[in-house]
Colleague: 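Structure below; questions to follow.
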2 protein chains.
Amino acid sequence: MKFSTRSEYGLRAMVVLAGIEDATPVSLRQIASLEQISEQYLEQIFMDLKKAELVQSIRGAYGGYLLARDASEISIRQILEVLEGPIFHCECLGKDGEQPSCSFKEEPCIVQVVWRRLQDGMDHILEGMNLRDLQQGKYL
Amino acid sequence: MKFSTRSEYGLRAMVVLAGIEDATPVSLRQIASLEQISEQYLEQIFMDLKKAELVQSIRGAYGGYLLARDASEISIRQILEVLEGPIFHCECLGKDGEQPSCSFKEEPCIVQVVWRRLQDGMDHILEGMNLRDLQQGKYL
DNA sequence: TTTATATCCTACCTCTTAACTAGGAATATG
DNA sequence: CATATTCCTAGTTAAGAGGTAGGATATAAA
């Protein structure tokens, strides 16, 4: 199990945006150069961040991206949920009428409870961190 | 991010072993049939479980696998660590003399702390669950 | 108006790896 | 010896991560 580079790059970029004082848009070229990331790859990541309304964009020259709301109002969970997608499967219980493949026929299945607990635990940790505090190094 | 089927299959198989009363070895054929898993794939998983000394094996006819120690002495963390391998990278800090690729030059890097907290949180959750209690449905 | 700089959008590519599959050697039982 | 099992290595395949490429659209400044 590991997080994708999407999460790492996207989170790093969001921290960069959180470090901008006034509402100056920052171009992806700047971020990509600063963080040593492919600019076009970053583009795709930001399309998702925008769709999730975590950032807003300004097109054209001197355009770029800025946070859609105050950094303190954006939790790390919200960011990673967008970048990583929902997590933790348990396919042993057959879906929509299929035969269950595992021997724990009950719902919830015994093994599934492990994934569920992990998911809840991670959500709790990530929801407890916001972008402002992260950028200011308060979690170090 | 998601867990591999190795983790799911391996964990399910370990729960099966935990459900055996006496010290009767269970063959992979039985487990594979019970859990609807490829027997040869399960073999590879069990080679790792054995190397980690979580199970012991008995070769030959009427052989099979059994837990290497009492189920209550085996944490879910130990199992998943073997099956999933260590987790959570942060490659933005250059390793062994490389140039760091991210803009947070400090060690620990600002983003890395997120992965670290997640890792610690997951370890804590998984360490708090043991195979005996899982098998007996105490976490449901 | 023209040029430079951006975001927007879609399609494609390429390599890695997860998830198996295959087949045989070694070992134990009866 | 026949059968059942673990042990071990190598090969296969499909999907997805991690990008690239190229062009359309929008905006600011000269």
Colleague: Looking at the side chain of A:Q40, which of D:dC7, C:dT7, D:dT20 is the nearest nucleotide?
Modeller: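 Side chain of A:Q40 sits closest to D:dT20.
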Colleague: Return the 5'-most residue of the pair A:Y9, B:G64 with respect to DNA chain D, ranking by each residue's nearest nucleotide.
Modeller: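 Checking each residue's closest nucleotide, the 5'-ward one belongs to B:G64.
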Colleague: To the nearest 0.5 Å, what is the distance between CD1 on B:I37 and OG on A:S103?
Modeller: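 It is 9.0 Å, given to the nearest 0.5 Å.
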Colleague: When you measure from the side-chain N and O atoms of B:K51 to the phosphate of D:dC7, is any distance below 4.0 Å, counting only OP1 and OP2?
Modeller: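 For D:dC7, OP1/OP2 do not have a side-chain N/O of B:K51 under 4.0 Å.
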Colleague: Name the residue closer to the 5' end of DNA chain D, choosing between B:G63 and A:G60 according to the nucleotide with the nearest heavy atom.
Modeller: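 Looking at DNA chain D, the more 5' nearest nucleotide goes with B:G63.
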Colleague: Kindly point out which of D:dA28, D:dT20, C:dC20 is positioned nearest to the side chain of A:Y62?
Modeller: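 That would be D:dA28.
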Colleague: D:dG18, D:dT20, C:dC9: which one has an atom nearest the side-chain heavy atoms of A:S38?
Modeller: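 For the A:S38 side chain, the nearest candidate turns out to be D:dT20.
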Colleague: With respect to the phosphate group of D:dC7, does any side-chain polar atom (N or O) of B:K50 fall under 4.0 Å of OP1 or OP2?
Modeller: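 Checking D:dC7 against B:K50, a side-chain N or O does come within under 4.0 Å of OP1 or OP2.
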Colleague: Any side-chain N or O of A:Y65 less than 4.0 Å from the OP1 or OP2 oxygen of C:dC8?
Modeller: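 Yes, within the criterion.
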Colleague: Is it the case that the base of D:dT20 and the side chain of A:Q44 share a donor-acceptor contact (distance under 3.5 Å, atom types as modelled)?
Modeller: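 Such a pair is found, so the answer is yes.
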Colleague: Atom CZ of B:R6 to atom C1' of C:dT17: distance rounded to whole Å?
Modeller: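 One finds 12 Å between C1' of C:dT17 and CZ of B:R6, rounded.
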Colleague: Nearest 0.5 Å, what's the CD1-CG distance between A:I20 and A:L67?
Modeller: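 If we round to the nearest 0.5 Å, A:I20:CD1 and A:L67:CG are 9.0 Å apart.
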Colleague: For the residue pair A:Y41 and A:T5, confirm or rule out a side-chain donor-acceptor distance under 3.5 Å.
Modeller: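 Looking only at side-chain atoms, A:T5 and A:Y41 do form a donor-acceptor pair, the distance falling under 3.5 Å.
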Colleague: Taking atom P of C:dA18 as reference, at what distance in whole Å does atom CD of B:E8 sit?
Modeller: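 Whole-Å distance recorded here is 16 Å.
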Colleague: From C-beta outward on B:Y41, which listed nucleotide comes closest to its side chain: C:dT7, D:dA4, C:dC20?
Modeller: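 Among the listed nucleotides, the one closest to the side chain of B:Y41 is C:dC20.
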Colleague: How many whole angstroms separate atom CD of B:E43 from atom C1' of D:dT5?
Modeller: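 Those two atoms, CD and C1', are 9 Å apart.
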Colleague: So, is B:S57 near the phosphate of D:dC7, with a side-chain N or O under 4.0 Å from OP1 or OP2?
Modeller: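 Yes, within the criterion.
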Colleague: With a sphere of 6.0 Å drawn around CZ of A:R69, does it hold more than 12 non-hydrogen atoms of other residues, nucleotides or ligands?
Modeller: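 Yes, enclosed.
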Colleague: To the side chain of A:R59, which of D:dT6, C:dC8, C:dA22 is closest?
Modeller: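 The listed nucleotide nearest to A:R59's side chain is C:dC8.
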Colleague: Please check the phosphate of D:dA17 (OP1 and OP2 only) for any side-chain N or O of A:T5 closer than 4.0 Å.
Modeller: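 Indeed not, no polar side-chain atom of A:T5 lies that close.
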Colleague: Can you tell which of A:L17, A:I74, A:D48 makes a side-chain contact (heavy atoms from CB on, under 4.5 Å) with A:L54?
Modeller: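 Passing option: A:I74.
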